[in-house]
Amino acid sequence: MTLKDGVPRSFALGTTIREVAFSIGEGLGKACVGGRIDGQGAILDLRTPLRRDARLEIVTADSKDGWQVIRHSAAHILADALLSLWPDTKLAIGPATEEGFYYDVDLAHRITPDDLPKIEAAMAKIVKEDRPFERCSVDRADETRKARDHGDVYKAEILDGLPIGEEVTFYRHGQFEDLCRGPHVPSTGYVKAFKLLRTAGAYWRGDENNAMLQRIYGTAFAREKDLKEYLHRIEEAEKRDHRKLGKELGLFMMHPVAPASPFFLPKGTVIYNRLVRLMRDLYVRYGYQEVITPQVFDSQLWHTSGHYEHYKENMYFTIIDERECAVKPMNCPSHTFIFGMERRSYRELPLRIADFGRLHRYERSGATAGLTRVRTFCQDDAHIFAAPEQIQAEVGRLLAMINEVYGLFGFPEVRVALSTRPAASIGSAEVWEKAESALAGALQASGVNYTINPGDGAFYGPKIDFRVLDAIGREWQLGTIQLDFNLPERFDLKYITSEGSEARPVMIHRAILGSLERFIGIIIEHYSGQFPFWLSPVQARVLTINDDHVPYAQSLTARLSEAGFRVDEDFSNSKTGAKIRDARLARIPYVLVVGAKEIADQTVALRERPDIDRGSISIDRLLELFRDQENRKQ
RNA sequence: GCCGACGUAGCUCAGUGGUAGAGCAGCGGUUUCGUAAACCGCAGGUCGCGGGUUCAAAUCCCGCCGUCGGCUCCA
């Protein structure tokens, strides 16, 4: 065995991971909750006997891997507690997750939030008893029969689905036993810091045709301190929730007359328009032409595009002059019309058509949320019509553009994934191969690190997805580059090649910010409402010390507004401290205080968010500072 | 859509069967103040909507609307 220190050690055949850990030291032995062989695969149970030479990594309780083991055991303890409280509980599945664990159960009693402390108390008792987890190999057929006899329909179904020949194991602690692959901690006492978080409904196997189960979510850590930190992180994330900040900062509102459809208020509209302007400026540099297209189309169009067959559930319909019409959920069909309106030459390609058209997509009532999942939205949408051999260069260009845009927002990380041909797809193998290698080639040429999601492409073409991490480490899907062989076919798009023959262009769907609504929601949380100067709805606020200073303050506001900056005023007769506080709560980047001193010197006292005193500064210097921040988009 | 929770003043929330409350915001007044909350007063509600139970409903029951947390990271 080779361990982390690189020193080879010898053990008898069948020595368990736990025994190896103890042989190295008492401390490591006690901390050990599992192991991993050759740095890959699943975490192994610490009871696993070692049967060959390998590189062994001891998984300790106080690590991400260790937490997985603890959480899995916590799920068992939860199930045990539920059975003790409600003996009719039928267990479904109870895995560890990225952030915690859950158990899906079926029982007559409706578990309410008030039950959670009761369940926690029952769990704490089991933890305190420090029962050892035992692993045992069982006979599949026997267990399936037993499960059926007990009415344990879910376990029976799982047992049925297990691959023949694979070892079937149970884990037991105290009176409780559960079908389980493991791994588990040595005893229930290892689950030192846990908390149940919420209840939820969940369909058996995630399929809405199946029974609705009750799910209980919780989390667990090796130490109380880590649990506290986790709960604190959740609280901090709640503070920057875009729905809460959107209301507080007057960015947008919602109203039952238009469910899941935001009303952007004046301040939110500034941000929206600023983002549109950002993209429009880039469109000039990157060779796009913007168009404005209709909102409502005869259904005939959606039959041609295939949306009627495949996307009808998400579309809004209406009857106009006895014709069935649909509100557009996407811009692409309009753009194919624009492309197909005249005979196109290879010289025109790639033809880049951008559109900020408003889209409507019906989302199920339970699926909508704030600005991130809405029923009407606008994408920074564009479609590029290109010759197949232009794909790689065009995608390379897009990568540069995307890089430029994401760079402005200071996302700590951008993750890129290439999705390839799914089982059911249209287009020849040859076309797919070329398209996939063009995308991969462009990514490599741009030096982008990316992962591959095999078979995850759309049926009509491969794609590249961009996901960013925000300021507190959450991942969001933003942009996408999607090749499409289907629509050019359906709309019979053609261009004339240099040889004078007709050829079929490829369509590239692409968005960088994605939906503006969603993007705004994400950056509200990313910036915690403290937008950079160029995006701030109000960039500066002018405050007076007393009424004598109002005329000077007014001339200052006027001068800044005339220079194109978004400035407001607080000339109320509150105390300066109160006005400063209001400006801070409004997350205004700069506060300009005007008093007798500033009037005498023809300056302004500058205060920068959150509370940096920048001293007195002349109006000219101030304008210079503002212009610089605006130009550098800071 | 389904499971669960929630919906009281512009906002945040208290009020569990007996006359609808607080703080902030708003309005009026006093105060003219130098970097995170001055003081006094006034006004503000079909308790989401509709129905039911009751002498009496914000409160209990039913339906609807909306919002929020979830709805395979497969033993």
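As a basis for the values below, the full set of heavy atoms in this structure was taken, side chains included, without hydrogen atoms, waters or symmetry mates. In what follows, chains are A, B, ... by sequence order, proteins preceding strands, each numbered from 1.
In the set B:U35, B:A5, B:U32, B:A5 carries the atom at the smallest distance from any side-chain atom of A:P113. In this structure, the nucleotide among B:C2, B:A75, B:A38 sitting nearest to the side chain of A:A578 is B:A38. Side-chain proximity of A:Y203 to B:A38, B:C2, B:G66: nearest is B:C2. Among B:U67, B:A75, B:G1, the nucleotide with an atom closest to any side-chain atom of A:Y362 is B:G1. Of the candidates B:G70, B:G1, B:U35, B:G1 carries the atom nearest the A:R364 side chain, counting heavy atoms from C-beta on. When the nucleotides B:A38, B:G34, B:A5 are ranked by their closest atom to the side chain of A:K597, B:G34 comes out on top.
Across all strands shown, B:U16 has no partner, as no Watson-Crick or G-U wobble contact with both distances under 3.5 Å is found. Judged by Watson-Crick or G-U wobble contacts below 3.5 Å, the nucleotide B:C2 has B:G70 as its partner.
Among the heavy atoms of the strands, none lies under 4.0 Å from A:E363. Here A:R198 lies in heavy-atom contact (under 4.0 Å) with sugar-phosphate atoms only. Base engagement by A:E166 is indicated by at least one non-hydrogen atom pair under 4.0 Å involving a base atom. Residue contacts shown for A:G161 are absent, as no nucleic acid heavy atom lies under 4.0 Å away. Across all strands shown, A:A605 has heavy atoms under 4.0 Å from base atoms, whether or not it also approaches the sugar-phosphate. Within the nucleic acid shown, A:T544 has no heavy atom closer than 4.0 Å to any nucleic acid atom. Within 4.0 Å (heavy atoms only), A:A200 reaches at least one base atom of the nucleic acid. Among the atoms of the strands shown, base atoms are found under 4.0 Å from some heavy atom of A:L179. If you check every strand for non-hydrogen atoms under 4.0 Å, A:G595 touches a base. As judged by a 4.0 angstrom heavy-atom cut-off over every strand, A:R181 is placed among the base-contacting residues. Base engagement by A:L162 is indicated by at least one non-hydrogen atom pair under 4.0 Å involving a base atom.
Applying the 4.0 Å criterion to OP1 and OP2 of B:G4, one finds that A:R110 has a side-chain N or O inside that range. Distances shown here put every side-chain N or O of A:K247 at or beyond 4.0 Å from the OP1 or OP2 atom of B:G10. Between A:R243 and B:C68 there is a side-chain N or O to OP1 or OP2 distance below 4.0 Å. For the pair A:Y217 and B:C71, the criterion of a side-chain N or O lying under 4.0 Å from OP1 or OP2 is met.
Rounded to a whole angstrom, the distance from the P atom of B:G52 to that of B:A57 is 12 Å. Nucleotides B:G4 and B:C61 place their P atoms 14 Å apart, quoted to the nearest Å.
Proximity of a side-chain donor or acceptor of A:T188 to a complementary backbone N or O of A:R131 within less than 3.5 Å is detected.
If you take CZ on A:F176 and NE2 on A:H76, they are separated by 6.0 Å, rounding to the nearest 0.5 Å.
Place A:E167 and A:H549 on RNA chain B by their nearest nucleotides, and A:H549 ends up nearer the 5' end.
Near RNA chain B, defined here as any heavy-atom distance below 4.0 Å, the residues from residues 606-617 of chain A are A:R607, listed numerically. Proximity of residues 71-88 of chain A to RNA chain B (heavy atom under 4.0 angstrom from any strand atom) is not detected for any residue.
Cation-pi check for A:K267 over A:F531 is not met; the charged atom does not lie both under 6.0 angstrom from the ring centroid and within 45 degrees of its normal.
Under the salt bridge (charged side-chain N to carboxylate O under 4.0 Å, His left out) rule, A:E517 has a single partner from A:R361, A:R358, A:R373, which is A:R358.
Between A:T368 and A:V374, the closest side-chain pair of non-hydrogen atoms is not below 4.5 Å.
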